[in-house]
Protein chains: 2
Amino acid sequence: MSQQRHGSTPGEADGVPAFPDLPEATIARLPEYLRALHHLAETGAETVSSEGLAAAAGVNSAKLRKDLSHLGSYGTRGVGYDVALLVDQIEYILGLDKNRAVCLVGVGNLGHALAGYAGFASRGFRVVALFDADPKKVGEQINGLTVQHTDDLERIAAEESIAIGVIATPPGTAQAVADALVAAGVTSILNFAPGVLSVPSNVDVRKVDLAIELQILSFHEHRKASLTALPGGRSAPPASGDQEAVGS
Amino acid sequence: MSQQRHGSTPGEADGVPAFPDLPEATIARLPEYLRALHHLAETGAETVSSEGLAAAAGVNSAKLRKDLSHLGSYGTRGVGYDVALLVDQIEYILGLDKNRAVCLVGVGNLGHALAGYAGFASRGFRVVALFDADPKKVGEQINGLTVQHTDDLERIAAEESIAIGVIATPPGTAQAVADALVAAGVTSILNFAPGVLSVPSNVDVRKVDLAIELQILSFHEHRKASLTALPGGRSAPPASGDQEAVGS
DNA sequence: AGGTGTGAATACGTTCACAGCG
DNA sequence: CGCTGTGAACGTATTCACACCT
């Protein structure tokens with residue numbers, strides 16, 4: 001209600017493109033909507049209802065409608081959302097039209113896999129540099145890129161105007177890598193190393209820890225086991241489902 | 001206040017071990033506390049204050065104290081928390097003393113890296129089986145395990161009483177793999193494939209999508225860029241930091 | 001009708017601030 | 001006196017239910 005810039009074409013960012021501050025929870029779901037929309041577009045759908053898109057994205061329709069309403073979106077009452085238009089809107093909001101340069105630090109087990117991960121390129125990301133501290137790895141060719149030494153990280157990251165740095169090093173070196181990235185002007189970091197990174201407040205850090213995910217699942221296993229073992233308990237109470245049946 | 005089972009030794013699960021239902025947000029942070037505690041234990045610390053542990057885990061102390069209070073935890077006022085005791089408590093709650101069997105489906109780029117990921121074994125998880133649908137990969141040895149065909153997944157997963165299944169296949173086959181896991185009695189799934197899995201409500205699914213993380217960072221890059229471009233805006237407003245300086 | 005957009009109601013999570021214990 | 005544990009206040013996210021548009 002505060003600012004509805006209906007007439008602004010998304011791609012055209014002349015001055016200030018009316019950037020709404022979306023709730024974090026909404027932002028985290030937009031990529032999922034986008035994936036679902038791309039899938040729908042491939043199957044030839046022109047429009048989707050909130051119900052349909054919500055099912056494809058694994059959320060309920062009320063949440064989806066509220067999320068989309070935040071970005072002042074176009075839907076047609078009685079019809080639904082225009083798939084192509086919504087794709088453009090979300091890609092614009094997420095800044096995926098910018099084809100951002102990504103560098104990857106740490107070409108071990110995991111880093112090697114990330115370097116070859118197709119999902120990065122298929123969204124608007126270009127992996128443009130690989131780094132490792134191990135002299136034996138420097139010079140190695142991975143996916144058309146040559147691994148460079150981390151000593152050169154700061155210089156090269158600045159030269160290539162890297163937008164996002166991905167850290168896949170052992171925990172001990174992660175902070176030093178983060179410092180180098182920050183010094184090179186990188187303001188977004190995706191961290192796969194366990195542990196806390198300390199960075200200036202204008203730098204965004206997202207963390208992915210595979211072991212943590214397993215531990216959370218382990219907790220739920222433990223909980224489920226102790227429920228079924230309950231003396232007076234029913235054998236399998238229908239837990240409040242997090243991700244319910246969606247009927248593909 | 002409702003149930004404080006102070007006298008119950010964690011490891012001893014004779015009957016019903018007073019399982020509190022912790023908030024999801026708390027559960028998600030427990031592994032982080034655990035990692036910080038292990039680190040502290042290595043440096044020889046016997047006790048920590050909420051302030052100290054919070055800093056090591058990257059949260060503020062009020063949050064940490066509330067989280068720990070939920071598991072009816074032992075802290076000594078005026079002193080802090082006993083590191084060793086808290087480690088035991090959290091490991092018990094998370095069910096990490098059960099040494100759960102994990103299987104990994106999809107030994108491609110990412111799956112290969114996961115199979116060799118040290119972080120799994122170092123917490124209480126044993127990767128006991130690897131599967132792939134590609135006949136060329138079946139028979140391959142990775143980290144001491146032989147890759148088996150996904151046709152045998154259901155049988156083997158049941159035999160080995162797998163607790164957690166990790167899906168690292170292409171999106172197209174993820175649902176079929178999930179179905180097989182569920183049929184084998186697996187009730188926890190960690191999914192690296194993009195897309196929504198539909199499973200019975202008693203099965204927990206956690207999803208990790210590397211491309212989504214980058215897209216979220218991209219949004220924030222976009223937002224930061226549009227802020228600094230603001231006509232009347234200051235050049236770098238101190239955004240409400242998500243992960244602030246922690247002073248290592 | 002059919003389906004979006006949205007106030008109002010509810011649930012959940014975080015932060016404050018301090019009582020009370022060691 | 002220091003630090004935990006916790007009610008109360010606040011803020012954020014989800015869900016409901018329906019007015020309103022096509």
Side-chain angles (χ1 to χ4, degrees), chain A residues 1-6 20-30 32-33 37 40 45-83 85-86 89-90 216 240-244, chain B residues 1-6 20-30 32-33 37 40 45-83 85-86 89-90 216 240-244:
Chain A
M1 185 162 277
S2 43
Q3 82 250 65
Q4 63 250 65
R5 299 300 260 101
H6 259 195
D21 57 338
L22 311 176
E24 270 297 318
T26 296
I27 296 159
R29 282 187 294 264
L30 289 181
E32 197 68 46
Y33 300 157
L37 284 165
L40 283 165
E46 302 249 320
T47 59
V48 230
S49 66
S50 64
E51 203 70 52
L53 181 51
V59 300
N60 66 351
S61 59
K63 198 183 284 185
L64 180 121
R65 285 202 302 279
K66 180 134 291 189
D67 282 342
L68 293 188
S69 80
H70 281 125
L71 40 107
S73 145
Y74 292 54
T76 314
R77 296 176 194 231
V79 179
Y81 300 92
D82 182 301
V83 172
L85 184 61
L86 203 46
Q89 286 256 356
I90 295 177
I216 295 171
S240 65
D242 209 49
Q243 213 182 84
E244 295 281 332
Chain B
M1 182 155 278
S2 43
Q3 84 252 64
Q4 63 250 64
R5 301 297 263 101
H6 258 195
D21 57 335
L22 311 175
E24 270 297 317
T26 295
I27 296 160
R29 282 187 295 264
L30 289 181
E32 197 66 48
Y33 300 157
L37 285 165
L40 284 165
E46 301 251 318
T47 59
V48 229
S49 66
S50 65
E51 202 70 53
L53 182 51
V59 301
N60 67 350
S61 60
K63 199 184 286 187
L64 179 120
R65 285 201 303 279
K66 179 133 296 190
D67 283 343
L68 294 188
S69 80
H70 281 125
L71 39 107
S73 145
Y74 292 54
T76 314
R77 294 172 195 235
V79 179
Y81 300 92
D82 183 299
V83 172
L85 185 61
L86 203 47
Q89 286 256 357
I90 295 178
I216 295 171
S240 64
D242 210 49
Q243 215 183 82
E244 296 280 332

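Computed from a predicted model, the values in this text were never measured in an experiment. All chains are named by letter (A, B, ...) in the order of the sequence lines, taking the proteins before the strands, and each is independently numbered beginning at 1.
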Closest-nucleotide ordering on DNA chain D, the 5'-leading residue of A62(A) and Y81(B) = Y81(B)
remark   = 5'-most contact on DNA chain D (nearest-nucleotide basis), T26(A) vs G80(B), goes to G80(B)
How many whole angstroms separate atom [atom1] of [X] from atom [atom2] of [N]?
X: L68(A); N: dT4(C); atom1: CG; atom2: P; value: 9 Å
X: H70(B); N: dT14(C); atom1: NE2; atom2: C1'; value: 11 Å
X: D67(B); N: dG13(C); atom1: CG; atom2: C1'; value: 10 Å
X: D21(B); N: dC12(C); atom1: CG; atom2: P; value: 10 Å
X: L64(A); N: dG5(C); atom1: CG; atom2: P; value: 10 Å
X: D82(A); N: dG3(C); atom1: CG; atom2: C1'; value: 15 Å
X: L22(A); N: dT12(D); atom1: CG; atom2: C1'; value: 14 Å
X: R65(B); N: dC3(D); atom1: CZ; atom2: C1'; value: 8 Å

Establish, with yes or no, whether the OP1 or OP2 oxygen of [N] is under 4.0 angstrom from a side-chain nitrogen or oxygen of [X].
X: K63(B); N: dT15(C); value: yes
X: S49(A); N: dG3(C); value: no
X: N60(B); N: dT14(C); value: no
X: R29(B); N: dT14(C); value: yes

Do [X] and [Y] have side chains that get closer than 4.5 Å, going by heavy atoms?
X: P20(B); Y: H70(B); value: no
X: D82(A); Y: E46(A); value: no
X: Y81(B); Y: R65(B); value: yes
X: V83(A); Y: L53(A); value: no
X: I90(B); Y: L37(B); value: yes
X: L86(B); Y: L68(B); value: yes

request  = Working to the nearest 0.5 Å, report the span between CG of N60(B) and NZ of K66(B).
outcome  = 12.0 Å
task = Enter the distance from D21(B):CG to I27(B):CD1 here, rounded to the nearest 0.5 Å.
result = 8.5 Å
When you compare the protein's N or O atoms with those of nucleotides 20-22 of chain D, which come within less than 3.5 Å of each other, and at what distance?
from	atom 1	to	atom 2	distance (Å)
dC20(D)	O2	R77(A)	NH1	3.1
dT22(D)	O4'	R77(A)	O	3.4

message = D67(A) vs Y33(A), test: side-chain hydrogen bond (donor to acceptor under 3.5 Å, both in side chains). Steps then yes/no.
response = CA-CA 10 Å; D67(A) 282 342; Y33(A) 300 157; 2.5 Å; yes
query = Can you tell me if S49(B) uses its side chain to pair, donor with acceptor, with the backbone of G52(B) under 3.5 Å?
reply =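 Such a contact is found between S49(B) side chain and G52(B) backbone.
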Identify the pairs formed between an N or O of the protein and an N or O of nucleotides 9-11 of chain D at a distance under 3.5 Å, and give each distance.
none

request  = Name the closest nucleotide to the K66(A) side chain, picking from dG7(D), dA8(C), dA13(D).
outcome  =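 When the side chain of K66(A) is considered, dA8(C) is the closest of dG7(D), dA8(C), dA13(D).
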